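For reference, the structure discussed in these notes is given below.
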Amino acid sequence: MATKRALESRLKLAGVLLILGLLTESVCLLWGQPIAFVFLIGLGGLFVFAGIAVYLLAIASSPTERDQGSS
Amino acid sequence: MPQLAILIIVLALLSAALVAVVTLRPGTTATQSGRILVFIVLFLLPLFTLAMGVNAEIERSKSTKFCLSCHIMEPFGQSLKVDDPTYLAASHYQNHRVPKDEACYTCHTNYAMFGTFKAKLAGFRHVYAYYLTTPPAPEALRLREPFNNRECLHCHLGARSFEQGAMHNADAETLPAVKANKLSCVSSGCHETVHNIAHLKEQKLWSEGN
């Protein structure tokens, strides 16, 4: 139960990071100034990749059904 | 705003909404299909949306409007409208030898492998110089490295006016030297007046409607 809760909290963190990244991307595309390009790559890209990394970490560290069965 | 950018904004907002729904709903990962949905929404969709956004920004950064949006570039933009055919940039722009919407990029990119990537890296340096340092006056701007004939030859190589031009064939050495980048097109006394913004005020400007 505790591991399931940990997985869900990590997924929520990943979700928050991804939402921030996607919103940054939308703002940058709307902005249209040369500096927006830097923000899109530097900030939007960072948030999206961080979100994906947290998500991958969450599923990689969560116990499999076989692990749960053997314990 | 280009339609593609609007489409990507809609896609990004839709992705963000889906991410919110999937992560806030408890027990999404309890079933096999739920786990597949989470993988699509938290991995594939954001990556795809980011790639589309970066691609759209790269395309937009090729536009003449984008380059001229920094005020330091304004005189270079005006030099495209000089009413004098000896001005190289102006004659290319006004006679559609370069696409009007991508005039700066067409000549100032690098037509070698990873050329667009190198041009964008140089663009990042421009952004850094513009926002975080004191940029020089437009008249003091110089190319980072000598202009490579490769960029001219990308279009002119094989063209009749280039291959059979009287000056290019005045002697046997000129044309091979130009093709080998040993004799510069723009700085060896042949096509030297490119933007020449120091003398812009003395020039009559062409207005597009006439």
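In what follows, chains are A, B, ... by sequence order, proteins preceding strands, each numbered from 1. Everything quoted here is computed from the prediction, not taken from an experiment.
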Let's test your reading of the structure: which of [options] forms the most heavy-atom pairs below 4.5 Å with chain B?
options	answer
A:G44, A:G15, A:C28, A:A14	A:G15
A:V27, A:I41, A:L18	A:L18
A:L23, A:V48, A:I59, A:I19	A:I19

Selection from B:L24, B:V22, B:I58 maximising heavy-atom pairs under 4.5 Å formed with chain A:
B:I58

Between the CG atom in B:L13 and the OG atom in A:S26, the distance rounded to the nearest 0.5 Å is 4.0 Å

How far does CD of B:E57 sit from CH2 of A:W31, to the nearest 0.5 angstrom?
10.5 Å

If I measure from the heavy atoms of chain A, does B:A56 come under 4.5 Å with its side chain, its backbone, both, or neither?
side chain

In terms of heavy-atom proximity below 4.5 Å to chain A, should B:C70 be classed as side chain, backbone, both, or neither?
side chain

Taking 4.5 Å as the heavy-atom cut-off, does anything in residues 119-142 of chain B contact chain A, and if so which residues?
B:K120, B:F124, B:V127, B:Y131

Can you name the residues of residues 38-52 of chain B that have some heavy atom under 4.5 Å away from a heavy atom in chain A?
B:V38, B:F39, B:L42, B:F43, B:P46, B:L47, B:T49, B:L50

With sequence neighbours left out, what residues match A:F47 under ring-ring contact (aromatic ring centres under 6.0 Å, His included)?
none

Hey, is [atom1] on [X] packed in by over 12 heavy atoms from elsewhere, all under 6.0 Å?
X	atom1	value
B:H71	NE2	no
B:Y111	OH	yes
B:D83	CG	yes
B:K100	NZ	yes

Here the pair of heavy atoms bringing A:Q33 nearest to B:R60 is O-NH2, 3.8 Å

Where do A:L29 and B:A5 come nearest, in terms of heavy atoms and distance?
CD1-O, 4.4 Å

Applying side-chain contact (heavy atoms from CB on, under 4.5 Å) to B:I8 and A:E25, what does each step give before you reach the verdict?
CA-CA 9 Å; B:I8 297 165; A:E25 182 179 345; 3.5 Å; yes

Applying a criterion of heavy atom separation less than 4.5 Å, what residues of residues 50-58 of chain A form contacts with chain B?
A:I52, A:Y55, A:L56

